[in-house]
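What follows is a short report on a single structure.
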Protein chains: 2
Amino acid sequence: MSKHVKEMGALKEHLGKHQLKFTRQRELILDAFLKQEHITAEEMYHQLARKDPHLGLATIYRTLNLFCEAGLAQARHFGTQTQYDNISHKGHHDHLICTGCGKIVEFENCDIERLQEEVASRNGFTIQTHRLELYGLCSPCRQ
Amino acid sequence: MSKHVKEMGALKEHLGKHQLKFTRQRELILDAFLKQEHITAEEMYHQLARKDPHLGLATIYRTLNLFCEAGLAQARHFGTQTQYDNISHKGHHDHLICTGCGKIVEFENCDIERLQEEVASRNGFTIQTHRLELYGLCSPCRQ
DNA sequence: TCTTTTATTGAGACGGTTTATCAATTTCAA
DNA sequence: TTGAAATTGATAAACCGTCTCAATAAAAGA
Ligand SMILES: [Mn+2]
Ligand SMILES: [Mn+2]
Ligand SMILES: [Zn+2]
Ligand SMILES: [Zn+2]
């Protein structure tokens, strides 16, 4: 019996609502995706290279984008390639990224979020989403 | 006599320090750039299409990237194309972006910046740069 | 179960954006 | 004025992700 029963259920629910089908490929990709915190389509492609059935890169992209629509993933653009962030078992969060070793640390900060709302309303905006990324050096990378 | 004397001087200083040359193209592109708040390479290419000498797209890209190195510009990735942000006469700032009409509002908020530092140090990081973008609807776009 | 409809898949073509290449030209210090 | 060195413009190439399409698989209906 597969792990990830809850997330598999969430996916199936989304599929049902949109007359999409539950396929072997989607199951395989979800299983692999849920073991990661952040992953690119290319990385997942290589990780699943020897599985049966063989998974095409286009399918990986399509499926990760599907997970975004289903609320299981979120696309982020830290570097050159899109990172798919596994948000299935956590809420909104932002990131600290080490420019030395590439380490990514997730964080949440309500005070910052509240101040963002203030800035927005002061300018007549209603926030839909936001992106906050802090780039710097982690402790080991500073020697 | 050209405007932008101060910025032209800043560019020349950077060129001098890196054994780069002051060319007619760089002068033209800087003059056009300083009239903008945010602009893409493509937009600038079309804007300068009828100038003499003719400016190649590659030169526009190279020169805008040079401005980034000289501290006059900063590359931002709001949408599909890179936006070059004119930071010559203002310090660091962040952005509110309307998903309805594309309007971009700049803002600064010291309290947010301070909280960012706190988050970083709590995680053993030293911040080098950061990116904060708030996406939402401006007042006219909400009707 | 068998049939039929509809969605999905994988391969590769394609598109948009940015950078690399390179011969010709320009800059600028000597 | 000369000549080494940097710059330029045209365009090829790289890169990443999406689109196309014929073959296949899923699932709803009989
Ligand atoms: Mn994350
Ligand atoms: Mn700006
Ligand atoms: Zn590090
Ligand atoms: Zn608007």
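A, B, ... follow the sequence lines: proteins, then strands. Residue 1 opens every chain. Both backbone and side-chain heavy atoms feed into the values below; hydrogens, waters and symmetry mates do not.
No hydrogens or angles considered: a donor-acceptor pair under 3.5 Å links the side chains of B:H92 and B:E113. For the 3.5 Å distance criterion, the side chains of A:E43 and A:Q81 fail to qualify, holding no donor opposite an acceptor. Residues B:T99 and A:Q128 have side chains that bring a donor and an acceptor to within less than 3.5 angstrom of each other.
B:Y61 and B:L48 fall within the same hydrophobic cluster, defined by Ile, Leu, Val, Met, Phe, Trp and Tyr side-chain heavy atoms under 4.5 Å apart, directly or through other members.
Residues from residues 33-41 of chain B that place a heavy atom under 4.0 Å from any atom of DNA chain C: there are none. Non-hydrogen atoms lying under 4.0 Å from DNA chain C are contributed by A:T59, A:R62, all within residues 59-88 of chain A.
Chain A approaches DNA chain C over the interval C:dT6 to C:dG12, counting the first and last nucleotide 5' to 3' with an atom under 4.0 Å from its heavy atoms.
Note on ring orientation: taking the six-membered ring where Trp is involved, the planes of A:F67 and A:F33 are tilted (angle from 30° to 60°).
Residue B:L48 contributes atom CG, which lies 13 Å from atom P of D:dT8 at whole-angstrom precision. In this structure, CG of A:L28 is placed 12 Å from P of D:dA26, rounded to the nearest angstrom. We find that CZ of B:R26 is positioned 11 Å from P of D:dG9, with the value rounded to whole Å. Nucleotide D:dA28 holds its C1' atom 18 Å from the CZ atom of A:F22, rounded to whole Å. Atom pair B:I29:CD1 and D:dT7:P shows a separation of 13 Å (rounding to whole Å applied).
Contact annotation: side chain of A:K21 to base of D:dA25, donor-acceptor pair absent below 3.5 Å.
In this structure B:R24 satisfies the salt bridge (charged side-chain N to carboxylate O under 4.0 Å, His left out) test together with B:E27, sequence neighbours excluded. Scored by the side-chain contact (heavy atoms from CB on, under 4.5 Å) test, B:R131 finds A:R131, A:E133, A:Y135, B:H77, B:E133 as partners (sequence neighbours excluded).
Counting heavy atoms from C-beta outward, A:R114 and A:D111 have side chains that approach closer than 4.5 Å. Annotation: side chain of A:L134 is not in contact with side chain of A:D94 (no heavy-atom distance under 4.5 Å). Here the side chains of A:H14 and A:L66 are in contact, with some heavy-atom distance below 4.5 Å. Side chains of A:E37 and A:I104 form no contact here, defined as non-hydrogen atoms less than 4.5 Å apart.
Taking a cutoff of 4.0 Å between a charged side-chain nitrogen and a carboxylate oxygen, B:E106 and B:K90 qualify as a salt bridge.
Residue contacts shown for A:L57 are absent, as no nucleic acid heavy atom lies under 4.0 Å away. Using a 4.0 Å heavy-atom distance criterion, B:E42 is classed as making no nucleic acid contact.
Along DNA chain D, the nucleotide nearest to B:Y45 and the one nearest to B:Q19 differ in position, and the one closer to the 5' end is contacted by B:Q19.
Computed from C1' positions of five pairs at each end, the angle between the two local axes of the helix from C:dT1-D:dA30 to C:dA30-D:dT1 equals 30°, rounded to 10 degrees.
Remark: side-chain polar atoms of A:H46 are paired, donor with acceptor, to backbone N or O of A:E42 under 3.5 angstrom. In this structure, the side chain of A:N86 engages the main chain of A:S88 through a donor-acceptor pair within 3.5 Å.
Phosphate proximity of D:dT8 to B:T23: present, with a side-chain N or O under 4.0 Å from OP1 or OP2.
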